[in-house]
Amino acid sequence: MKFKKLIMTGLACLSVISGTVSLAFSDIKGHWAEPNIRSLEEAEIINGYGDNTFKPDINMSRGEASKIMIGVLNINPDGSESDFADLGKGHWAYSYVSYLSNKGIINGYGDKTFRPNSSISRAELAKISYGILKEKSILNNSKKYFKDSSNHWASDEISSLAGNSIIDGDGDNNFRPNDDITRAEASKIIYSTIKKIDPYRLIDYFILTNRS
C-alpha cells in the first residue's frame, strides 16, 4: 500500500511538473466544492459543458449520475442492455444505466421508465453510492441517522453512508433526501465514494493548486 501511494504521488508530481494539470472549468474558482470538482475533473470522472463551465449549482440528471458512477467503477459498460420504456439503445446514457440497473445499483420507476433527463434526488444518488460500495464490501457497520431520513425509503443507505463518512447533512442534522442534488453536492459524494474505494486514485487538491 505504501509503495502504491509513492507511485501515485510520483505520477501526480510528474503531472504538475509537466504542466498538464490545468483549470478547465471557468465557473468553479472559489466555490465550496472546487477541491472535489478539480480532483474529479483531473481524473476524468466528470465533464463540463461546451462553454468551458461546470455549472456547479444546477441539478444533476439521472443520466449524468449514471455515467459518472460508471467512471467511479472504472469499467466498460458496453454490451449492457435494459428495457426501460423511455431509454432506447440510441440514448447516450443507455449502456451506463443498463449496467447499473442489471447490477441492482440503480432502479427505474413503477411505470417502467428511467427518466434519464430528470433531476436525481439526494436519496437516489446515495442509493447508487451505497450500492457500489456494498458490492465492493467496503462499508463497515457504522450508522448515523438524520432527523428527516429515519423513515425514508433510503434510510438504510443514507445512515450507512453517513456512518462511513461518505455523506453529511446540514447544521440542523437533516439530509434533505427528497431534494434534487446539485452538481456540486453530487461531486462531493462522488469524491468521497472514490476515496473510500481507492484513496490514491484522485490527485489531492493541494497538488493541483500548487503546480509550477
Side-chain angles (χ1 to χ4, degrees), residues 1 4-5 8 36-37 39-47 60-84 87 89 91-110 112-116 118-146 149-150 152-169 175 177-178 181 183 185-203:
M1 185 62 74
K4 182 177 181 181
K5 182 177 182 180
M8 294 302 294
N36 307 127
I37 296 169
S39 293
L40 293 173
E41 171 197 5
E42 175 62 20
E44 300 183 345
I45 303 295
I46 57 173
N47 300 114
M60 178 171 284
S61 74
R62 287 167 56 80
E64 288 172 333
S66 300
K67 180 180 186 294
I68 292 169
M69 285 306 189
I70 288 294
V72 171
L73 288 168
N74 200 22
I75 55 92
N76 184 347
D78 290 351
S80 301
E81 296 186 352
S82 59
D83 59 356
F84 292 111
L87 192 72
K89 291 185 177 181
H91 194 283
W92 64 266
Y94 176 77
S95 62
Y96 309 125
V97 173
S98 297
Y99 181 91
L100 295 175
S101 175
N102 293 337
K103 287 286 186 178
I105 294 172
I106 200 168
N107 300 115
Y109 296 92
K112 297 185 178 180
T113 62
F114 181 76
R115 305 173 197 172
S118 296
S119 297
I120 190 166
S121 72
R122 291 169 58 82
E124 288 171 335
L125 189 67
K127 181 182 185 301
I128 300 173
S129 174
Y130 174 86
I132 289 173
L133 295 172
K134 183 180 180 182
E135 183 181 68
K136 293 183 175 294
S137 301
I138 290 174
L139 297 172
N140 60 42
N141 293 324
S142 298
K143 302 275 188 179
K144 178 182 177 181
Y145 295 93
F146 298 108
S149 305
S150 58
H152 194 272
W153 62 262
S155 174
D156 289 343
E157 290 89 344
I158 292 169
S159 60
S160 179
L161 292 182
N164 280 266
S165 301
I166 305 297
I167 60 174
D168 50 30
F175 181 66
N178 296 323
I181 196 166
R183 289 168 59 82
E185 292 170 334
S187 295
K188 183 178 180 182
I189 294 177
I190 293 160
Y191 177 91
S192 298
T193 301
I194 294 175
K195 280 292 190 179
K196 195 74 171 179
I197 296 171
D198 182 355
Y200 308 117
R201 183 177 173 189
L202 299 176
I203 298 176

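Separation of atoms CG (Leu139) and CG (Leu161) is listed at 6.5 Å; rounding is to 0.5 Å. Here NZ of Lys136 is found 11.5 Å from OG1 of Thr193. Values are rounded to the nearest 0.5 Å. Ser66 contributes atom OG, which lies 3.5 Å from atom CD1 of Ile106 (distance to the nearest 0.5 angstrom). To the nearest 0.5 Å, atoms CD1 (Ile120) and CD1 (Ile128) are separated by 4.0 Å. The OG atom of Ser192 lies 8.0 Å from the CG atom of Asp168; values are rounded to the nearest 0.5 Å. With rounding to the nearest 0.5 Å, the separation of CD1 in Ile158 from OH in Tyr130 is 12.0 Å.
Screening Asn47, Ile45, Ile46 for a side chain to side chain contact (heavy atoms under 4.5 Å, CB included) involving Lys67 leaves a single residue, Asn47.
Between Ser95 and Asp78, the shortest heavy-atom distance links the atoms OG-OD1, 4.1 Å. Annotation for Lys127 and Gly104: closest pair NZ-O, 3.7 Å, computed over non-hydrogen atoms. Between His91 and Pro116, the shortest heavy-atom distance links the atoms NE2-CG, 3.6 Å. Nearest heavy-atom pair across Met69 and Ile190 is CE-CG1, 4.0 Å. Closest non-hydrogen pair, Tyr94 versus Leu87, comes out as CD1-O, 3.5 Å. Scanning both residues, Asn36 and Ser187, for their nearest heavy atoms gives CB-O, 4.0 Å.
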- Does the pair Arg115 and Ser61 meet the rule for a side-chain contact (heavy atoms from CB on, under 4.5 Å), with working shown? CA-CA 9 Å; Arg115 305 173 197 172; Ser61 74; over 6 Å; no
- List the steps and the verdict of side-chain contact (heavy atoms from CB on, under 4.5 Å) for Asn74 and Ile197. CA-CA 11 Å; Asn74 200 22; Ile197 296 171; over 6 Å; no
- Query: Would Glu185 and Met60 satisfy side-chain contact (heavy atoms from CB on, under 4.5 Å), going step by step from the backbone distance to the final call?
  - Reply: CA-CA 9 Å; Glu185 292 170 334; Met60 178 171 284; over 6 Å; no
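Judged by distance alone, the side chain of Asn164 and the main-chain N or O of Ile166 form no donor-acceptor pair under 3.5 Å. In terms of modelled atom types and a separation under 3.5 Å, the side chain of Ser159 and the main chain of Ser155 share a donor-acceptor contact. Panel note: side chain Thr113, backbone Tyr109; no donor-acceptor pair is recorded below 3.5 Å. With hydrogens and angles disregarded, no donor-acceptor distance shorter than 3.5 Å links the side chain of Arg62 to the backbone of Gly108. Under the 3.5 Å distance criterion, the side-chain polar atoms of Asn102 are left unmatched by any main-chain donor or acceptor of Ser82. A distance-only check finds no donor-acceptor pair linking the side chain of Ser101 to the backbone of Asn107 [under 3.5 Å]. The main-chain N or O of His152 is never found under 3.5 Å from a side-chain atom of Ser149 such that the two would form a donor-acceptor pair.
Aromatic ring pairs are classed by plane angle as parallel below 30°, tilted from 30° to 60° and perpendicular above 60°; the pair Phe175 and Phe146 is parallel.
Few gaps surround CG on Asn140; more than 12 heavy atoms of other groups in view lie less than 6.0 Å from it.
When the side chain to side chain contact (heavy atoms under 4.5 Å, CB included) test is applied to Lys112, no partner is found at least two apart in sequence or on another chain.
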